[in-house]
S.K.: 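One structure is given below, represented as structure tokens, and several questions about it will come after.
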Amino acid sequence: MTGEVARSIEAQLARHRLQRIADGYRLVVGDAEDACWDRAEHLLRESNDILGWTDLRYLPCDQGQRASGLLGIAEVETEFADKRVPVFTAYGIEALNAVSVHGAFYVADGRLRLRAQYSLYADDPAVYLATRFILNAFGEQLFFGLGIAQGAVSAESLAAQRTRMDVPRAWRTHTSAGHFKEAAARFRRAGYVATSGQSSFCLEVPLEGAAITQMADPEATTALLTVSTEVPHPVAGAGYLATLVLPLHLTPDRSVEACQRLNALEMMHHHFVPRLGSWGLRGLDDELVYTTFVPAAEPLEGLEVTLMNWNVLRARNVKDTYWSELVEMTLTDAAPGVPE
Amino acid sequence: MSVLVLPTHVEQFITQLRAGLDYYGCELAVAEDRLATPQRSILFDVSGSECPTTVWLHQTARSLDSPAPEFRVRAFSVLRDEIWPEVRGQEGAFNRFATLAALTTSANNAEVGCQALLVPQSNEVLAAFIATACKHGATSLTQAVAAVLSDSAAAEQQSAWGEADLEALHYAYAHLGTGQLRANCWSMTVIVGDVLGELTIATTANNPYFGGGLLSTLRVSKECLGFRTRTLDTNALNQTVLLFDNTPVFGAWCDDGIHIVFVTFVPNVLKSVNSVLPHLIRWAQERTQTIHSLALTASEGSPPNDD
């Protein structure tokens with residue numbers, strides 16, 4: 001892998017003792033002495049003290065994609081040791097995805113996993129930010145993922161995870177309301193209906209029809225996007241929260257199916273915004289929401305606008321690519337075989 | 001029990017309600033089974049409660065000819081004869097201490113009641129709330145007022161809900177962009193048309209009867225309901241919502257001068273019930289949607305034609 005982001009990552013990882021795997025690195029957490037891997041880096045025998053492992057791999061792209069500036073994809077994926085995580089139903093996984101950090105939970109080969117992707121470009125304007133996102137995902141995905149999965153079991157378990165993480169839950173200095181006012185104004189200039197508050201701003205992206213905001217027309221079909229800096233994550237603490245809600249009313253089975261499909265499809269994109277969050281289900285009505293949480297102990301210059309930009313592009317991609325399929329799902333029953 | 005078959009979720013609700021009452025040492029006994037009559041209802045007596053308490057389960061009038069019958073459950077405790085003349089006209093003051101049921105008075109009696117339409121996804125919450133209302137709804141209200149008047153409130157008890165619960169709630173509803181987290185309290189603005197509601201959920205340690213729990217208030221400006229200068233009789237409003245509201249009524253409307261406020265207190269004992277907080281939020285959203293027409297109905301005295 002070439003490119004400034006990859007070089008920057010290589011330089012930082014060179015200082016750490018990490019297991020090398022094909023096209024990347026593996027971070028095993030726990031006592032891995034007894035763990036046994038085959039040549040394809042699959043686990044043959046699990047150590048009793050292993051919590052899981054996180055791989056950072058560079059996925060190559062083809063000639064045509066390289067011609068358009070894409071260098072490849074950095075993929076960060078954690079596999080959790082079986083005995084360390086509870087067993088979740090398919091619905092439970094998508095509820096978990098509403099609070100995931102650094103990627104989307106899914107199950108493969110009977111094992112809970114968490115995966116994030118970041119497309120790397122030759123002309124990336126924010127090398128520092130891209131490097132930070134990828135390295136933070138590599139270093140934190142397993143810890144936060146485990147905390148989130150174990151914390152989902154009960155209030156007592158969540159309290160234990162919060163104590164174990166011991167992360168800051170608020171910033172010492174806050175971004176000013178003027179900051180968000182300016183961010184909202186920027187998106188208004190681009191034609192969106194955007195409003196701001198003390199520590200957040202939101203906007204709507206029309207998905208069909210002429211109406212552009214539900215504030216004027218409650219029937220308007222718009223996605224609601226928010227970015228907030230004072231919504232601490234229940235496990236990961238202070239940081240940036242970006243959400244994208246689709247105005248759909250699906251049955252629980254269909255909601256699970258839609259989440260699984262959207263998460264899987266996003267991972268198949270090459271030219272796309274970073275996949276650092278996940279589609280998940282929120283509330284009693286199983287609202288379909290894409291959630292990105294970026295743990296941060298202090299404000300990061302301009303990140304609120306970056307996160308909003310990513311979700312605007314995500315919403316537009318849903319509109320152009322999947323919207324009619326999703327609407328169709330509201331009209332039909334779930335396909336047989338969708339797990340509970 | 002009647003030979004007529006109730007929908008599965010209604011049967012399950014009755015089972016869960018029995019279990020909830022059993023927890024409090026109360027029992028549910030069929031007093032009148034009218035499932036075979038056009039009214040399709042069952043009246044239960046609840047034993048073990050301090051006031052005479054009944055639970056009435058009936059199919060709604062609007063669903064009598066429907067292939068998907070809809071059932072409503074109502075629970076009422078009648079206050080002792082010597083109490084009701086004292087509370088008449090004071091309902092507003094009493095209802096500030098409402099927990100899971102509303103005090104209403106008529107010319108002949110005073111009752112403390114709650115009601116809900118049965119929906120399968122909410123069975124656990126509804127059964128737990130109604131069981132608690134049957135056991136404690138009336139007593140919690142009268143004893144709370146007595147305790148405050150005699151300056152002998154119950155000892156403080158830490159709320160079973162804490163910072164982690166409110167933070168998780170704030171995170172779970174952040175996508176709506178209208179929530180606010182403060183110390184011991186989470187609030188959310190609910191806007192439906194011209195009606196603006198402010199929902200506040202606060203951890204509380206000093207309920208005069210229960211001690212610890214969760215206090216939920218939904219505040220709606222009387223001005224936006226068209227009652228800035230007109231009087232809104234909250235006793236009539238509570239009677240109306242207990243009869244017709246499609247949103248579960250666990251608590252009571254009272255008046256703080258500028259707003260009408262729907263008060264619910266959820267005691268610590270209900271902490272283990274699943275999805276209490278999401279239900280409080282959903283009910284507040286639905287209540288904001290229906291309060292305008294119900295307030296008009298209460299003030300005009302004509303029932304909406306929906307039950």
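A, B, ... follow the sequence lines: proteins, then strands. Residue 1 opens every chain. None of the values given here were measured: they were computed from a predicted structure. Side chains included, hydrogens not; waters and symmetry mates left out as well; all remaining heavy atoms used.
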S.K.: Please determine whether the number of non-hydrogen atoms from other residues, nucleotides or ligands lying under 6.0 Å from atom CZ of B:R282 exceeds 12.
M.R.: yes
S.K.: I need the B:L181 CG to A:S199 OG distance, nearest 0.5 Å.
M.R.: 10.5 Å
S.K.: Out of B:K271, B:H170, B:Q121, return the one with the most heavy atom pairs under 4.5 angstrom to chain A.
M.R.: B:H170
S.K.: Going through the distances and angles, do A:R162 and B:E167 end up as a side-chain contact (heavy atoms from CB on, under 4.5 Å)?
M.R.: CA-CA 11 Å; A:R162 287 163 65 92; B:E167 236 182 59; 2.9 Å; yes
S.K.: Given a strict heavy-atom distance threshold of 4.5 Å, which part of A:P232 is in contact with chain B: side chain, backbone, both, or neither?
M.R.: both
S.K.: Are there over 12 heavy-atom neighbours, none belonging to A:R316, within less than 6.0 Å of that residue's CZ?
M.R.: no
S.K.: Tell me, for A:V227 versus chain B, whether the close heavy atoms (under 4.5 Å) come from the side chain, the backbone, both or neither.
M.R.: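 Neither part; nothing is under 4.5 Å.
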S.K.: Which atom pair, heavy atoms only, marks the closest approach of B:L176 to A:L224?
M.R.: O-CD2, 4.1 Å
S.K.: Just so I understand: if I count every heavy-atom pair under 4.5 Å between each of A:T291, A:L158, A:D285 and chain B, which residue has the most?
M.R.: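 Heavy-atom pair counts peak at A:D285.
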S.K.: In this structure, are over 12 heavy atoms from other groups packed under 6.0 Å from B:H9 atom NE2?
M.R.: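 Counting other residues, nucleotides and ligands, NE2 of B:H9 exceeds 12 neighbours.
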S.K.: Any idea which heavy atoms bring A:P234 and B:A168 closest together, and the distance?
M.R.: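 Between these two residues, the closest heavy atoms are CG-CA, 4.0 Å.
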S.K.: Output the option from A:L284, A:T226, A:L241, A:V289 having the highest count of non-hydrogen pairs under 4.5 Å with chain B.
M.R.: A:L284
S.K.: Hey, is CZ on A:F143 packed in by over 12 heavy atoms from elsewhere, all under 6.0 Å?
M.R.: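 For A:F143, atom CZ is not crowded (no more than 12 foreign heavy atoms under 6.0 Å).
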S.K.: Applying side-chain contact (heavy atoms from CB on, under 4.5 Å), run through A:E287 and B:Y173 and close with a yes or a no.
M.R.: CA-CA 10 Å; A:E287 288 180 276; B:Y173 286 86; 5.8 Å; no
S.K.: By a 4.5 Å heavy-atom criterion (distance strictly below it), what part of A:A155 contacts chain B: side chain, backbone, both, or neither?
M.R.: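 The side chain, not the backbone.
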S.K.: Counting neighbours of CD on B:Q158 that are heavy atoms of other residues, nucleotides or ligands and sit closer than 6.0 Å, is the number greater than 12?
M.R.: no
S.K.: Could you pull out the closest heavy-atom pair between B:A174 and A:R282, with the gap in Å?
M.R.: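 For B:A174 and A:R282, the tightest heavy-atom pair comes out as N-NH1, 4.0 Å.
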